[in-house]
Amino acid sequence: MPSTTSEFDLITRYFARPTPQAVLGPGDDCALLAPAPGMELAITTDMLVSGTHFLPDTDPCQLGWKTLAVNLSDLAAMGAKPRWVVLAGSLPDADETWIAAFADGFFACARRYRVDLVGGDTTRGPLNLCVTALGEVPAGAALHRAGAHSGDDLWVSGQPGLAALGLAHLQGRTQLPEKLAARCLAALQKPTPRIELGLALLNRKLAHAAIDISDGLLADLGHLAKGSGLDAEVFQPRLPLLPVGAEPLLARRCQLAGGDDYELLFAAPPGKRHELAELAAQLDLPLWRIARMVDGPGEVHLLDENGQTLSISHKGFDHFAQDQD
């Protein structure tokens, strides 16, 4: 029997929440927002498509969290404080059990990072979710991909590669031990946007440039290198330790090119190493110094323990590239 629930009923029932940070929230033709004095708006949008960004049977509560978290990760990379989001989605049908669970996950993430949902849209169609996130950053201070200096260290947070290992496990391309599988699936399905790290890098003037890792460490490092007009030399022995229990070659490929990590990769002057070590301890978050920026046309080089260049066959995900697994 077809659902008699209207689009507006769904919005009111599951997505109408208080918006204390907005001048005017949902319910009118537009939301009204007022940035704090001296602040610029950082705005980003990401689309999550069923079958491309998540498996069709993904738990809706976890999907709700991830839908918001991946957008907040972009704000983190700029050193911006999250403030508001807009959610649009197409749904195959008005399955209220699914929608309620999705909303629970979405608003759990919104509460954790103090974000207001101020508007959006719904329609019937293939499952597709799109968030636009807005944050604030002091005028002229945002971190950019193009800001790295020659001689900078390159750092990465957390444990890149776990999400891709989790996906490989779900797809039957590998079989992980139970505890490692749980850890990798958590990284895939409920990523942590590194908001506190991004704010600290900007507010403490620790970094010259930053980017979040969504398409793969080497691919996103390539964007930073190209934007800054410098080469990046990645030292394989300095990469985070591979997780015990995973097949080493697959784990290394996931680490370098897997994507979906939402960790931060950032360039910082060597003189900030001590402060960054202190920050890692304060945040209880591993920070790994894996590379350096050098003069060059904007390429990425992977070096072994002897400083010899290793070949790179796969750098990351591209939606329009051929022959990706």
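Note that these values count all heavy atoms, side chains included, but never hydrogens, waters or copies made by symmetry. We number each residue from 1, following the sequence as shown. Everything numeric in this text was worked out from a predicted model, so none of it was measured.
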**Request:** Give a yes or no answer on whether the side chain of Glu247 reaches the backbone of Leu249 with a donor-acceptor pair at less than 3.5 Å.
**Result:** yes
**Glu178 atom CD, over 12 foreign heavy atoms within 6.0 Å** = no
**Request:** Kindly assign one of parallel, tilted or perpendicular to the pair Trp155 and Phe266, based on the angle between their ring planes and the thresholds 30° and 60°.
**Result:** parallel
**Request:** Could you name each residue pair satisfying ring pair (Phe, Tyr, Trp, His ring centres under 6.0 Å) that touches residues 201-249, not counting sequence neighbours?
**Result:** His149-His208
**Message:** Using only atom types and a distance under 3.5 Å, with no angle test, would you say the side chain of Asp152 pairs donor to acceptor with the backbone of Ala148?
**Reply:** no
**Message:** Taking Leu143 as the starting point, is it possible to reach Val137 by hopping between hydrophobic residues whose side chains are less than 4.5 Å apart?
**Reply:** yes
**Donor-acceptor under 3.5 Å (Ser90 side chain, Pro126 main chain)** = yes
**Request:** Determine, stepwise, if the pair Thr174 / Leu176 fulfils side chain to side chain contact (heavy atoms under 4.5 Å, CB included).
**Result:** CA-CA 6 Å; Thr174 191; Leu176 300 175; 4.1 Å; yes
**Request:** Take Asn71 and Val85 through the side chain to side chain contact (heavy atoms under 4.5 Å, CB included) test and state the conclusion after the steps.
**Result:** CA-CA 9 Å; Asn71 283 269; Val85 294; 5.9 Å; no
**Asked** Looking at Gly151 and Pro270, what are the two nearest heavy atoms and their distance?
**Response** O-CG, 3.4 Å
**Prompt:** Can you find a pair of side-chain heavy atoms, one from Leu224 and one from Met293, that are under 4.5 Å apart?
**Reply:** yes
**Prompt:** Are Pro92 and Arg124 close enough that some pair of their side-chain heavy atoms sits under 4.5 Å apart?
**Reply:** no
**Request:** List in chain and number order the residues that pass side chain to side chain donor-acceptor pair (under 3.5 Å) with Asp295, two or more places apart in sequence or in another chain; answer none if no residue qualifies.
**Result:** Ser150
**Message:** Are more than 12 heavy atoms, taken from residues, nucleotides or ligands other than Asp284, located less than 6.0 Å from that residue's CG atom?
**Reply:** no
**Asked** Do Ser214 and Val70 have side chains that get closer than 4.5 Å, going by heavy atoms?
**Response** no
**Asked** With no hydrogens and no angle check, is any side-chain donor or acceptor of Trp65 less than 3.5 Å from a backbone partner on Pro191?
**Response** yes
**Request:** Evaluate the criterion side chain to side chain contact (heavy atoms under 4.5 Å, CB included) for residue pair Asp212 and Leu265; output intermediate values, then yes/no.
**Result:** CA-CA 6 Å; Asp212 78 325; Leu265 178 71; over 6 Å; no
**Shortest non-hydrogen separation from Ala225 to Val300 and the atoms involved** = CB-CG2, 4.5 Å
**Complete:** For Thr45 and Cys130 the tightest heavy-atom approach is OG1-SG, 3.5 Å
**Item:** Worked verdict on Ser157 versus Glu263 for side-chain hydrogen bond (donor to acceptor under 3.5 Å, both in side chains)
**Value:** CA-CA 6 Å; Ser157 65; Glu263 297 291 350; 2.5 Å; yes
**Message:** Working note: Asp260 + Lys66, criterion salt bridge (charged side-chain N to carboxylate O under 4.0 Å, His left out); need CA distance, chi angles, decisive distance, verdict.
**Reply:** CA-CA 10 Å; Asp260 229 14; Lys66 185 171 182 175; 2.7 Å; yes
**Asked** Would one find more than 12 heavy atoms of other residues, nucleotides or ligands at under 6.0 Å from atom CE of Met47?
**Response** no
**Fill in**
Between Ala164 and Gly258, the two heavy atoms sitting closest are CB-CA, 3.5 Å
**Pairwise side-chain contact, Gln255 with Leu242, heavy-atom cut-off 4.5 Å (strictly under)** = yes
**Contact check, side chains of Leu206 and Leu279, non-hydrogen atoms, under 4.5 Å** = yes
**Request:** Check whether any side-chain heavy atom of Gln236 sits under 4.5 Å from a side-chain heavy atom of Arg252, and report yes or no.
**Result:** yes
**Prompt:** Side chain of Gln189, backbone of Cys184: donor and acceptor closer than 3.5 Å?
**Reply:** no
**Fill in**
For Leu170, the hydrophobic cluster (side chain heavy atoms closer than 4.5 Å, chained through members) also holds Leu55, Leu167, Leu185, Leu188
**Request:** Under 4.5 Å between side-chain heavy atoms, chaining through other members, with only Ile, Leu, Val, Met, Phe, Trp and Tyr counted: pull out the rest of the cluster around Trp84, sorted by chain and number.
**Result:** Leu33, Leu41, Ile43, Val86, Val118, Leu134
**Request:** Find the distance between OG1 (Thr192) and CG (Asp261) and round it off to the nearest 0.5 Å.
**Result:** 11.5 Å
**Request:** Check step by step if side chain to side chain contact (heavy atoms under 4.5 Å, CB included) holds for Leu303 and Leu310.
**Result:** CA-CA 6 Å; Leu303 307 180; Leu310 298 169; over 6 Å; no
**Message:** Main chain of Leu165, side chain of His169: is a donor-acceptor contact present, judged purely on distance under 3.5 Å?
**Reply:** no
**Asked** Could you give the distance from CH2 (Trp98) to SG (Cys61), rounded to the nearest 0.5 Å?
**Response** 11.0 Å
**Asked** Taking side chain as C-beta onward, heavy atoms only, is Leu117 less than 4.5 Å from Leu87?
**Response** yes
**Prompt:** So, for Gly158 and Leu285, which heavy atoms are closest and what is the spacing to 0.1 Å?
**Reply:** N-CD1, 3.9 Å
**Message:** Count I, L, V, M, F, W, Y as connected when their side-chain heavy atoms are under 4.5 Å apart, and connections chain through other members. Are Leu239 and Ile211 then in the same cluster?
**Reply:** yes
**Item:** Single-linkage hydrophobic cluster, 4.5 Å side-chain cutoff, Leu256 and Leu250 together
**Value:** no
**Asked** From Leu276 CG over to Trp288 CH2, what is the distance, rounded to the nearest 0.5 angstrom?
**Response** 14.5 Å
**Item:** Pairwise distance CG(Leu48) to CG(Leu63) - rounded to 0.5 angstrom
**Value:** 6.5 Å
**Prompt:** Who passes side-chain contact (heavy atoms from CB on, under 4.5 Å) against Val294, sequence neighbours left out?
**Reply:** Asp231, Glu233, Arg292
**Item:** Distance (rounded to the nearest 0.5 Å) between Leu287 CG and Glu278 CD
**Value:** 12.0 Å
**Message:** Starting from Leu201, can I reach Leu217 by hopping between I/L/V/M/F/W/Y residues whose side chains sit under 4.5 Å apart?
**Reply:** no
**Prompt:** Hey, is the main chain of Asp95 close enough, under 3.5 Å, to the side chain of Asp93 for a donor-acceptor pair?
**Reply:** yes
**Asked** So, for Gly245 and Leu180, which heavy atoms are closest and what is the spacing to 0.1 Å?
**Response** C-CD2, 4.0 Å
**Asked** Do Cys109 and Thr67 have side chains that get closer than 4.5 Å, going by heavy atoms?
**Response** no
**Message:** Is there a path of hydrophobic side-chain contacts, each under 4.5 Å between heavy atoms of I/L/V/M/F/W/Y residues, joining Leu230 to Leu221?
**Reply:** yes
**Prompt:** Which residues satisfy the side-chain contact (heavy atoms from CB on, under 4.5 Å) test with Val244, sequence neighbours excluded?
**Reply:** none
**Request:** Mark yes or no for whether Asp215, through its side chain, and Ala219, through its backbone, hold a donor-acceptor pair below 3.5 Å.
**Result:** no
**Request:** Quickly, which of Asp74, Leu129, Thr132 forms a side chain to side chain contact (heavy atoms under 4.5 Å, CB included) with Asp46? Name it, please.
**Result:** Asp74
**Item:** Flag, side chain of Asp116 to backbone of Gln21, donor-acceptor distance under 3.5 Å
**Value:** yes
**Asked** With Glu136, which of Lys81, Arg83, Arg114 fulfils salt bridge (Lys or Arg N to Asp or Glu O under 4.0 Å)?
**Response** Arg83
**Request:** Starting at NZ of Lys272, measure out to CZ of Arg204 and round the result to the nearest 0.5 Å.
**Result:** 11.0 Å
